[in-house]
Amino acid sequence: MAKDIEKETEELIDKKEQKAEKKAEKAAAKEKKAEEKLNQKKEKAEAKKSEIVSQVRELKAQIAEETDEKKKKKLRRQRDDLIAQRDAIIKSKDGMTIPLAPLAQKRIKACIAIIVVIALLFVYLQTGMVRHGLMGSLGIPQSTFVGVVVKDGDGNKHNIKVSTYNYYFAMLYNQLQQTQEQYSQYGMEVPEDQKIDFDKKLSAQKTKDPDDEKKEITWAQYMHDQVLDNIKSTYTYYYEAVKANKGKEPSITKDQQKELDEALDNYKSTAQGYDFTVSGYLTAAMGKGVTEEVFRKEAKISYISENYQEDYQKELKAKQYDKKEYEKYRDENKDDLVSVDIKYFECDSEDDAKAFKKALNADGSNFAELASKYSSSDFDKKANKNEVETTYKDLTKPTLQGMNGAIAQADEHEHSEDEEEEHKYSGLDWVFSSKRRAGDVKQLSTSVVYIITPARLSDTKTVTVRHILIKPFKNEKGEDGKTTETDSENASEASDKEWKNAKKKADKVLAEYNKSKKTAAAFGKLAEEYSKDSNASDGGIYENITPNQMVPTFNAWCFDSSRKAGDVSIVKTEYGYHIIYFEKTNDLTVWEYTAQQSLASEDTSKAIEKLEKGYSIKQTWLGSRYFETDTDIDS
């Protein structure tokens with residue numbers, strides 16, 4: 001009786017296996033047919049892309065030759081439309097170009113018996129082809145299997161799925177690809193150790209090992225190492241953020257949420273054009289397992305990580321020190337802390353600089369006049385008539401060196417290959433010498449320097465301001481009849497009309513501020529709305545400004561001795577009109593602030609190094625079988 005039951009069970013299993021095998025064969029046949037159709041689409045898409053690339057090249061040539069701004073703008077719109085079409089064509093895993101199709105959804109519907117899946121899994125593991133197996137095509141392992149394990153400083157282990165690895169791989173791959181495209185776009189040669197042929201396998205190409213430049217590794221190994229580093233770095237600060245938030249995941253900012261939603265809306269719009277889901281689109285563009293849910297989760301984790309890292313570093317850098325520590329730093333770094341007051345101008349040629357010095361009055365009273373005379377552009381000729389443009393107060397040696405003038409260049413000298421190179425800076429040494437006296441003049445190559453106040457330790461304090469930048473612009477009517485503002489590409493070359501537009505708008509914004517409560521918060525809201533500077537979203541704030549950190553007229557307004565909290569003015573610079581709000585004079589002198597920043601920077605580096613060393617990352621053997629590698633991705 002038992003034998004009969006066993007026999008019947010075996011027959012039943014055989015029938016189920018046969019049935020499952022037939023279904024698998026049908027599914028494979030369907031897949032093959034779908035792939036044949038896909039190949040046809042690939043060829044058509046590739047041809048379309050080549051056609052678009054040619055059209056873009058032609059339009060770029062026309063734009064370069066066109067002198068009429070209206071026609072040039074129309075050509076640019078045509079170019080941008082074509083580029084958008086080109087970017088909507090996504091590269092598949094085999095490097096061909098295809099419009100995405102929802103193959104993953106079709107494959108999920110194929111019902112395969114578990115016994116067959118297990119059998120196939122072991123076959124693929126043994127042959128090293130697991131990534132191309134049936135389960136791999138479904139994206140199930142990537143969404144299920146643990147790819148890497150991150151261990152935190154407390155010894156807790158965090159399992160991270162393969163899909164996360166594939167997400168980071170796609171991000172890095174695209175970054176490398178875009179970097180090469182930018183080199184090409186600007187007609188620059190790609191550095192030898194950064195060259196990648198994206199039509200070839202990464203495992204067949206080599207580059208320098210970042211940890212040992214004498215060694216070479218494959219680009220595949222480079223990518224893998226970088227992906228692990230990126231995951232470890234991001235998740236280190238993410239887990240620290242969660243721990244600092246009592247075990248709960250912190251929220252991201254409204255702007256970050258908006259940015260994320262807009263990115264996914266753009267993906268959705270493109271995906272719909274191919275009758276595709278967002279998840280299907282992302283999977284094809286970024287790798288198996290990378291769905292909309294994964295994209296949203298990883299983007300959010302990156303934001304949280306970035307926010308915590310920024311706040312953590314800000315907290316560390318704000319560390320204060322006692323008087324003795326500042327004085328010790330001062331004594332050890334006095335050469336870089338003392339400052340001078342000078343008039344300084346860089347001529348276009350050495351002959352001009354010699355003529356400048358010869359014509360300069362002993363009291364330096366005509367310095368601005370000569371600076372205007374020897375300026376090369378019309379904008380500078382007008383601007384340099386204002387003496388603050390060429391007057392630098394509380395100027396330190398590192399700041400002058402950062403201005404890259406001839407006065408701060410290293411002296412020419414010869415040395416053997418075996419000899420350690422030591423630079424001498426006779427120009428800087430002259431400016432900051434204790435022998436200098438007011439009225440001393442130095443012409444070195446193209447530089448002319450007039451000493452106002454010799455080197456000393458200044459008691460000037462740092463300041464905090466907010467500002468709203470209004471760039472020169474022109475009003476243009478679009479095809480819809482609406483008038484829009486178009487910022488000048490280069491403010492110093494803007495027309496008088498464009499500058500007048502900017503001044504009118506600056507006056508209007510200032511009037512709006514004057515009708516408000518006239519607080520820093522009220523000014524900050526206007527900065528968020530109107531400013532064209534990169535810090536607009538931060539309310540236009542610049543904290544702890546040091547002398548000569550800003551362009552001359554901006555700097556002169558900030559460090560005017562009469563300046564007090566709440567002062568507001570409009571100042572013109574080479575970038576546009578700045579509506580500046582003076583928030584406060586800070587407690588530390590410039591040299592104390594420099595000492596505090598240096599000491600805190602050193603302590604910050606040590607704290608970060610200790611934190612990051614406390615975390616480790618390790619890949620799993622099974623998960624690594626499903627990692628993206630040698631894959632051509634272009635999102």
Side-chain angles (χ1 to χ4, degrees), residues 91 93 95 131 142 145-152 158-184 190-240 282 285-290 294-295 297-306 308-310 605 608-609 611-621 623-635:
K91 288 185 179 178
K93 304 296 178 286
R131 286 185 63 254
Q142 292 83 355
F145 293 167
V146 174
V148 296
V149 178
V150 172
K151 189 176 179 182
D152 65 28
H158 306 271
N159 294 332
I160 297 173
K161 293 176 182 176
V162 175
S163 54
T164 295
Y165 180 97
N166 292 347
Y167 170 88
Y168 277 84
F169 181 94
M171 289 296 189
L172 179 59
Y173 190 101
N174 289 337
Q175 182 186 339
L176 292 172
Q177 198 171 41
Q178 287 166 13
T179 299
Q180 286 215 163
E181 286 173 0
Q182 285 174 350
Y183 273 107
S184 176
V190 180
E192 202 61 39
D193 61 343
Q194 294 181 36
K195 282 184 179 177
I196 313 174
D197 187 340
F198 292 99
D199 293 325
K200 292 181 180 178
K201 285 189 174 185
L202 297 173
S203 55
Q205 304 175 70
K206 291 190 174 183
T207 185
K208 287 182 180 178
D209 185 342
D211 298 324
D212 186 352
E213 290 195 358
K214 293 179 181 178
K215 293 182 180 179
E216 284 191 332
I217 57 174
T218 65
W219 271 106
Q221 184 63 50
Y222 173 89
M223 288 282 290
H224 176 68
D225 294 344
Q226 289 297 309
V227 168
L228 290 183
D229 283 349
N230 292 344
I231 293 173
K232 177 179 173 287
S233 177
T234 300
Y235 274 82
T236 292
Y237 291 99
Y238 169 72
Y239 290 131
E240 286 296 310
L282 290 170
M286 302 186 74
K288 295 184 180 73
V290 185
V294 170
F295 185 94
K297 180 183 81 117
E298 295 303 332
K300 188 177 180 182
I301 284 172
S302 293
Y303 280 131
I304 292 169
S305 174
E306 179 187 322
Y308 180 80
Q309 187 174 10
E310 188 177 319
S605 296
I608 288 173
E609 186 179 358
L611 172 64
E612 292 180 353
K613 274 188 175 180
Y615 277 74
S616 62
I617 187 168
K618 188 176 181 181
Q619 69 182 42
T620 66
W621 179 84
S624 66
R625 305 305 99 184
Y626 294 91
F627 287 167
E628 290 292 350
T629 179
D630 278 338
T631 304
D632 194 358
I633 301 171
D634 180 9
S635 66

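Model, not experiment: these values are computed from the prediction. Only heavy atoms go into these numbers, but all of them, side chains included; no hydrogens, no water, no symmetry mates.
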Is the shortest heavy-atom distance from the side chain of [X] to the side chain of [Y] under 4.5 Å?
| X | Y | result |
| --- | --- | --- |
| Tyr173 | Glu628 | no |
| Lys288 | Val162 | no |
| Tyr168 | Thr234 | yes |
| Asn166 | Met286 | no |

| said: Test side-chain contact (heavy atoms from CB on, under 4.5 Å) on Tyr183 and Gln194; report intermediate values, then the result. | reply: CA-CA 11 Å; Tyr183 273 107; Gln194 294 181 36; 3.7 Å; yes
With no hydrogens and no angle check, do the side chains of [X] and [Y] hold a donor and an acceptor under 3.5 Å apart?
| X | Y | answer |
| --- | --- | --- |
| Gln226 | Asn230 | no |
| Ser233 | Glu612 | no |
| Tyr165 | Gln619 | no |

For the [atom1] atom of [X] and the [atom2] atom of [Y], what is their distance to the nearest 0.5 Å?
| X | Y | atom1 | atom2 | answer |
| --- | --- | --- | --- | --- |
| Ser616 | Lys232 | OG | NZ | 7.5 Å |
| Thr236 | Leu611 | OG1 | CG | 6.5 Å |
| Thr207 | Ile196 | OG1 | CD1 | 7.5 Å |
| Asp197 | Trp219 | CG | CH2 | 12.0 Å |
| Phe169 | His224 | CZ | NE2 | 10.5 Å |
| Leu228 | Ile160 | CG | CD1 | 10.0 Å |

| field | Neighbour count above 12 (heavy atom, 6.0 Å) for Lys200 NZ | value |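 Count not over threshold, so no.
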| said: If you count heavy atoms of other groups shown closer than 6.0 angstrom to NZ of Lys297, is the number above 12? | reply: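 Counting other residues, nucleotides and ligands, NZ of Lys297 exceeds 12 neighbours.
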| request: Return the orientation label for the Tyr615 and Tyr239 ring planes: parallel under 30°, perpendicular over 60°, tilted otherwise. | output: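 Ring orientation, 0 to 90° scale: parallel.
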| said: Test side-chain contact (heavy atoms from CB on, under 4.5 Å) on Val149 and Thr620; report intermediate values, then the result. | reply: CA-CA 7 Å; Val149 178; Thr620 66; 4.1 Å; yes
Considering non-hydrogen atoms only, spot the tightest contact between [X] and [Y] and give its length.
| X | Y | result |
| --- | --- | --- |
| Gly147 | Phe627 | O-CZ, 3.4 Å |
| Ser163 | Val290 | O-CG2, 3.7 Å |
| Thr629 | Ala220 | OG1-CB, 4.3 Å |
| Leu172 | Val227 | CD2-CG2, 4.0 Å |

| field | Listed partners of Lys208 passing salt bridge (charged side-chain N to carboxylate O under 4.0 Å, His left out), at least two apart | value |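 Lys208: no salt bridge (charged side-chain N to carboxylate O under 4.0 Å, His left out) contacts found.
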| Got a sec, which residues hit ring-ring contact (aromatic ring centres under 6.0 Å, His included) with Phe295, two or more places apart in sequence or on another chain? |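 Only Tyr167, Tyr267 meet the ring-ring contact (aromatic ring centres under 6.0 Å, His included) criterion with Phe295.
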Backbone N or O of [Y] within a donor-acceptor pair of the [X] side chain at under 3.5 Å?
| X | Y | answer |
| --- | --- | --- |
| Asn159 | Val146 | no |
| Asp209 | Ile217 | no |
| Gln205 | Lys201 | yes |

| query | Can you name the residues that form a side chain to side chain contact (heavy atoms under 4.5 Å, CB included) with Glu216, not counting sequence neighbours? | reply |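 Partners of Glu216 under the side chain to side chain contact (heavy atoms under 4.5 Å, CB included) test: Lys206.
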| task | Using the side-chain contact (heavy atoms from CB on, under 4.5 Å) rule, take Leu176 and Met223 through it: C-alpha gap first, then chi angles, then the decisive distance, then the call. | result | CA-CA 10 Å; Leu176 292 172; Met223 288 282 290; 3.3 Å; yes
